[in-house]
Amino acid sequence: MPMGVYGAGHQGRLFGGPVKNGGKGKESMVGKIVTIPGDGIGPEIVREACKVLDKVGSAFGHSFQYTEILMGGCSIDAYGVPLTDEALEAARQSDAVLLGAVGGDVGNSRWYDVAPDLRPEAGLLAIRKGLNLFANIRPAYLYQELADACPLKKEIIGGGFDLVIMRELTGGLYFGERHTKMVDGVMQATDTLTYNENEIRRIAVKAFEIAGKRRGQVVSVDKANVLDSSRLWRKVVEEVAKGYPEVKLAHMLVDNCAMQLVMDPGQFDVVLTENMFGDILSDEASMITGSIGMLPSASLNEAKFGMYEPSHGSAPDIAGKDVANPIATILSAAMMLRYSFDLDKEADAVEAAVQQVLSEGYRTKDIMSVGGKEIGTAQMGSFIAGRIKGPSA
Ligand code: IPM
Ligand code: MG
């Protein structure tokens, strides 16, 4: 049995709910998607994900309508700001957002010669906050086919790993008050870290729900030996845990978690943490898979609305060369089908098509190894689209 896209540890999907309509797929539907190609490799990977979505549409009888908006450096070039109010409003009116990547080379780009709130990344923070996307789901799992790319020793990896980082995305240090000023002739910069109990509760609830459908374990990560915000975090997470007796809760300090991720990643199922810690730990978790070009992510609000994007960045050094790996974006589109459109069968079909192309040995440059067949961005998208099987196939 080939390992499923979401790894061997659960039934092949993050939320794993019952398949609707006896598995035959849903009635035909129209999905209004806002696409944000963004900067760097963003446009070429989003193009491939749309190719795959279109194939899903024709195979299952749905149609997807795309409205493209600008965000990041390209929006700065066009409008002088990383996200316009009109673009944010268009995203708000859609059913879901598909994002490529934003930003350029920090040391060497005109986009960074301006105030922080005018840089490309400010657009990303504004859309997260503006659409209330507080729950960031970042899966990290080891593909057996790509296990050689894992930077950890074989004895550490053992049977592989399959974890999900649940990162709070609209609070904490990222959105606290900040300022830089002169105090007694000395420059001083301040950032503040605030969480209220409601912000903690709603992300904790999502983490326990997901864990209940996976392997039933939540590790909540904080710095409760130092920070007040972490002590409140711990208290609220413990309260939420009482409502999920089938899920096992453990607490871990963030420095220890960083260590445990490289010592024994297989111990984790769902890692629940605040914004800044989640930023750092999710990069670490994706790096140890050895294939960051494969990892999707979702950022959700209270309802079914979400923004879906690859876990990797805009890679300006390889933009426009047809070498970028579109798989993370294609799998992000699969997450969109599952969470925003309730199209589980269709999402399964996308994940199966990715698995098939990998099993056939096709690789983009970043995941190439001896014996593989190297192909470009567009061909990878076409091959995956070509292997989507509709309900009657
Ligand atoms: C991420 C990125 C962003 C973040 C940056 C680009 C602002 O690192 O999505 O993890 O820190 O959230
Ligand atoms: Mg990050």
Side-chain angles (χ1 to χ4, degrees), residues 36-42 45-46 70-76 81-83 88 91 97-109 111-112 114-140 163-176 178 191-195 199 203 221 254 257-258 261 271-289 291-301 306-317 319 324 328-329 331-332 335-336:
I36 309 181
D39 307 315
I41 59 172
I45 54 180
V46 166
L70 298 185
M71 187 170 94
C74 56
S75 175
I76 296 175
V81 290
L83 181 70
L88 179 61
V97 178
L98 181 65
L99 167 64
V102 295
D105 183 350
V106 179
N108 181 27
S109 161
W111 299 330
Y112 294 90
V114 294
D117 60 344
L118 290 176
R119 290 179 190 162
E121 288 75 10
L124 189 58
L125 299 185
I127 200 168
R128 287 174 180 169
K129 193 73 170 175
L131 301 177
N132 202 20
L133 305 173
F134 66 89
N136 183 214
I137 307 176
R138 299 190 167 181
L163 61 93
V164 173
I165 308 256
M166 281 292 294
R167 168 188 177 194
E168 200 291 326
L169 203 59
T170 52
L173 271 175
Y174 277 64
F175 294 96
R178 66 179 98 255
D191 297 279
T192 54
L193 200 182
T194 302
Y195 271 107
E199 291 170 308
I203 184 80
V221 174
V254 61
C257 182
L261 271 172
V271 175
L272 163 64
T273 193
E274 63 90 53
N275 205 346
M276 183 77 180
F277 298 157
D279 178 45
I280 299 166
L281 295 176
S282 63
D283 261 26
E284 188 186 3
S286 61
M287 188 59 217
I288 59 172
T289 68
S291 44
I292 185 165
M294 310 288 295
L295 300 176
S297 80
S299 305
L300 309 176
N301 72 3
M307 182 165 81
Y308 301 84
E309 63 183 298
S311 286
H312 58 72
S314 62
D317 50 320
T329 318
L331 292 173
S332 301
M335 289 180 95
M336 169 189 288

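Computed from a predicted structure; not experimentally measured. Note that these values count all heavy atoms, side chains included, but never hydrogens, waters or copies made by symmetry. Read the numbers this way: they start at 1 and go in the same order the structure lists the ligands and their atoms.
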Just checking, any donor-acceptor pair under 3.5 angstrom between side chains of S282 and E284?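 There is no such pair (donor and acceptor under 3.5 Å, judged by atom type) between the side chains of S282 and E284.
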Could you check atom 11 (O) of ligand 1 against the protein and tell me its nearest heavy-atom contact, residue, atom and distance included?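 Of the protein heavy atoms, Y174 OH, 2.5 Å lies nearest.
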What protein heavy atom sits nearest atom 2 (C) of ligand 1, and how far away is it?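 Checked against all protein heavy atoms, atom 2 (C) of ligand 1 sits closest to D279 OD1, 4.0 Å.
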Side chain or backbone of R119 under 4.0 Å from ligand 1, or both, or neither, by non-hydrogen atoms?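 R119 to ligand 1: no contact under 4.0 Å from either part.
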Ligand 1 versus R138, non-hydrogen atoms closer than 4.0 Å: side chain, backbone, both, neither?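 For R138, the contact with ligand 1 is made by the side chain alone.
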Residues two or more places apart in sequence or in another chain: which of them pass side chain to side chain donor-acceptor pair (under 3.5 Å) with S299?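 Counting only residues at least two positions away or on another chain, S299 forms a side chain to side chain donor-acceptor pair (under 3.5 Å) with N136.
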Side chain to side chain donor-acceptor pair (under 3.5 Å) between E274 and Y174: does it pass, once the steps are laid out? CA-CA 10 Å; E274 63 90 53; Y174 277 64; over 6 Å; no
Compare every heavy atom of P310 with every heavy atom of T329, then report the nearest pair and how far apart it is.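 Looking at all heavy atoms of both residues, the closest pair is OG1-CG, 3.6 Å.
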Testing the basics here: between L331 and M294, what is the closest heavy-atom pair and its distance to 0.1 Å?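 Scanning both residues, the minimum pair turns out to be CD1-O, 3.3 Å.
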Apply side chain to side chain contact (heavy atoms under 4.5 Å, CB included) to the pair L295 and R138, showing each step before the final yes or no. CA-CA 8 Å; L295 300 176; R138 299 190 167 181; over 6 Å; no
Which atoms from ligand 1 have a heavy atom of R128 less than 4.0 Å away?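 Per the distance check, 1 (C), 4 (C), 9 (O), 12 (O).
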Distance filter under 4.0 Å to R167 heavy atoms, resulting ligand 1 atoms: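 Reading through ligand 1 atom by atom, the close ones are 1 (C), 4 (C), 9 (O), 10 (O), 11 (O), 12 (O).
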Would you call [X] and [Y] a side-chain contact if the rule is heavy atoms closer than 4.5 Å?
{"X": "R128", "Y": "L124", "result": "yes"}
{"X": "V102", "Y": "P82", "result": "no"}
{"X": "L300", "Y": "Y308", "result": "yes"}

Side chain or backbone, does E121 bring an N or O within less than 3.5 Å of an N or O on ligand 1?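 No - when backbone and side-chain N and O of E121 are compared with those of ligand 1, no distance drops under 3.5 Å.
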Do you know how many protein N, O or S atoms are within a distance smaller than 2.8 Å of the Mg ion (ligand 2)?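 Total protein N/O/S atoms under 2.8 Å from the Mg ion (ligand 2): 1.
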